[in-house]
Asks: 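Below: one structure in structure tokens.
Hydrogens, waters and symmetry mates play no part in the numbers below; they use all other heavy atoms, side chains included. Order of appearance sets the numbers: ligands from 1, and atoms from 1 within every ligand.
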Amino acid sequence: MELDRFEWFNIGQDGLTGCAPLQPLPEPMNTNLSLPKSFLEHGQDIIHMICRVLATQLNLPSDIFTSLQSPSKPPGTVIRLLKAYACPSAEDLRTSIIHHTDFGTITLLANVVGGLQILAPGKSPKESDAWLWVRPRPGCLIVNLGDAMVEWTGGLLRSNVHRIRYPPGQQRFLDRYSIAILARLERDAIMKNLVCQDGESQNDDNANLTAWEWGVKKSSALMRGEDTGDQGWEVMSISINQLPAAATFLLL
Ligand SMILES: O=C(O)CCC(=O)C(=O)O
Ligand SMILES: [Fe+2]
């Protein structure tokens with residue numbers, strides 16, 4: 001059984017924008033709130049731009065995705081700070097975050113040390129040649145699509161399966177820090193296929209769910225050890241099964 005081995009700290013957008021009480025934060029953050037606020041504002045601009053481009057390419061109204069993830073409506077997006085430990089011992093080459101897809105719409109990721117891998121199309125996570133490195137590039141963010149985009153586009157857009165492996169070469173002797181923005185949907189956002197709205201395409205069980213109901217349903221399936229698609233969270237069920245489904249949804 002493989003478990004996650006990393007540290008993270010999530011800062012909710014809702015507390016930073018004032019649409020929910022600010023969560024308790026450690027002192028260095030409390031006194032430097034302008035930094036996460038500015039990171040969030042810039043990140044939201046990029047996320048909205050990507051969403052508008054994707055919608056336009058799909059012949060949808062350009063604001064269709066952004067209108068379902070308004071920053072002023074909870075449950076909001078999170079800023080995530082991650083630390084994956086160095087792997088100096090050749091006997092303990094770890095996978096820090098086991099394979100998964102992100103739940104929301106778009107994730108922006110900034111990191112310097114390598115370690116992120118994506119699953120090659122059509123491969124199973126256990127195949128030895130299944131994983132491709134994503135090499136960080138100076139001045140660039142890594143963009144992941146999340147499961148909500150799959151739902152909204154009836155599978156035309158795919159959320160990629162990814163994991164954090166020990167970094168390649170000499171980089172494995174370094175702790176790896178990354179900072180991400182994981183964009184979430186408004187609680188009451190619809191989860192139907194927005195690309196093809198005929199009756200047949202809406203037969204999917206999720207078409208009548210709100211984003212909140214959909215997230216809790218997915219989290220519950222994970223906690224039961226069921227996979228809800230081609231994602232790999234099933235191996236995480238042990239580490240998160242102490243949490244109520246709603247709490248798990250807020251974490252992923
Ligand atoms: O730190 C990274 O490179 C990725 C983190 C990640 O996949 C996640 O937080 O969902
Ligand atoms: Fe992820």
Side-chain angles (χ1 to χ4, degrees), residues 2-13 23 36 39-40 43-44 46-47 50 69 75-87 93-121 125 130-151 157-169 171-172 174-185 215 218-219 221-223 227-237 239-240 243 247-252:
E2 195 174 17
L3 295 177
D4 288 322
R5 294 191 292 176
F6 69 102
E7 291 176 23
W8 71 11
F9 189 85
N10 290 307
I11 312 169
Q13 169 181 268
Q23 72 196 80
F39 181 62
L40 190 60
Q44 285 289 9
I46 295 170
I47 287 164
I50 295 170
Q69 39 183 333
T77 296
V78 291
I79 296 178
R80 177 169 293 168
L81 312 175
L82 298 107
K83 176 180 179 182
Y85 308 102
C87 283
L93 296 176
R94 68 184 71 192
T95 300
S96 300
I97 305 187
I98 54 105
H99 64 282
H100 65 280
T101 52
D102 296 343
F103 260 37
T105 51
I106 287 182
T107 302
L108 299 181
L109 182 65
N111 65 297
V112 174
V113 174
L116 178 64
Q117 291 186 323
I118 54 168
L119 187 63
W131 293 98
L132 308 172
W133 294 105
V134 180
R135 186 180 194 150
R137 286 200 201 164
C140 296
L141 292 166
I142 292 166
V143 180
N144 268 348
L145 293 190
D147 298 337
M149 294 309 258
V150 181
E151 217 57 48
L157 297 179
R158 303 302 304 267
S159 52
N160 67 311
V161 179
H162 56 283
R163 68 179 185 179
I164 306 298
R165 192 84 168 111
Y166 65 90
Q171 294 181 54
R172 77 175 160 88
L174 302 171
D175 287 332
R176 175 184 188 273
Y177 293 91
S178 48
I179 174 164
I181 296 184
L182 293 100
R184 296 276 171 71
L185 302 75
K218 274 172 79 72
S219 307
L222 293 173
M223 291 161 67
D227 200 345
T228 53
D230 51 7
Q231 299 92 337
W233 284 105
E234 77 280 4
V235 277
M236 251 195 101
S237 57
S239 52
I240 59 176
L243 296 167
T248 310
F249 172 40
L250 287 174
L251 283 175
L252 297 178

Asks: So for ligand 1, is N111 a polar contact partner (N or O within less than 3.5 Å, distance only)?
Replies: no
Asks: Which atoms form the tightest heavy-atom contact between Q69 and A183, and what is the distance?
Replies: OE1-CB, 3.9 Å
Asks: Angle subtended at the Fe ion (ligand 2) by NE2 of H100 and OD1 of D102, to 10 degrees?
Replies: 100°
Asks: Kindly give the heavy-atom pair with the smallest separation between I181 and G43, and that separation in Å.
Replies: CD1-CA, 3.6 Å
Asks: Quick check on I164 - does any of its heavy atoms sit under 4.0 Å from an atom of ligand 1?
Replies: yes
Asks: List the steps, then state whether ring pair (Phe, Tyr, Trp, His ring centres under 6.0 Å) holds for H100 with H162.
Replies: CA-CA 6 Å; H100 65 280; H162 56 283; 4.1 Å; yes
Asks: Show me which atoms of ligand 1 lie under 4.0 Å from any heavy atom of L109.
Replies: 1 (O), 2 (C), 3 (O), 4 (C)
Asks: Quick one: closest heavy-atom pair of A84 and S96, and the distance?
Replies: CB-OG, 3.3 Å
Asks: Below 3.5 angstrom, do we get any N/O pair linking R80 and ligand 1?
Replies: yes
Asks: Give the atoms of ligand 1, by number and element, whose distance to some non-hydrogen atom of S178 is under 4.0 Å.
Replies: 1 (O), 2 (C)
Asks: Touching ligand 1 at all, R176? Heavy atoms, strictly under 4.0 Å?
Replies: yes
Asks: Counting C-beta onward and ignoring hydrogens, is there a side-chain heavy-atom pair between L182 and R80 closer than 4.5 Å?
Replies: yes
Asks: Which atoms of ligand 1 sit under 4.0 Å from any heavy atom of D102?
Replies: 10 (O)
Asks: In terms of atom number and element, which parts of ligand 1 are under 4.0 angstrom from non-hydrogen atoms of H162?
Replies: 7 (O)
Asks: Could you check if a side-chain atom of I79 sits within less than 4.5 angstrom of a side-chain atom of F39, using non-hydrogen atoms only?
Replies: yes
Asks: Do we get R165 above W131's six-membered ring, with its NZ or CZ under 6.0 Å from the centre and within 45° of the axis?
Replies: no
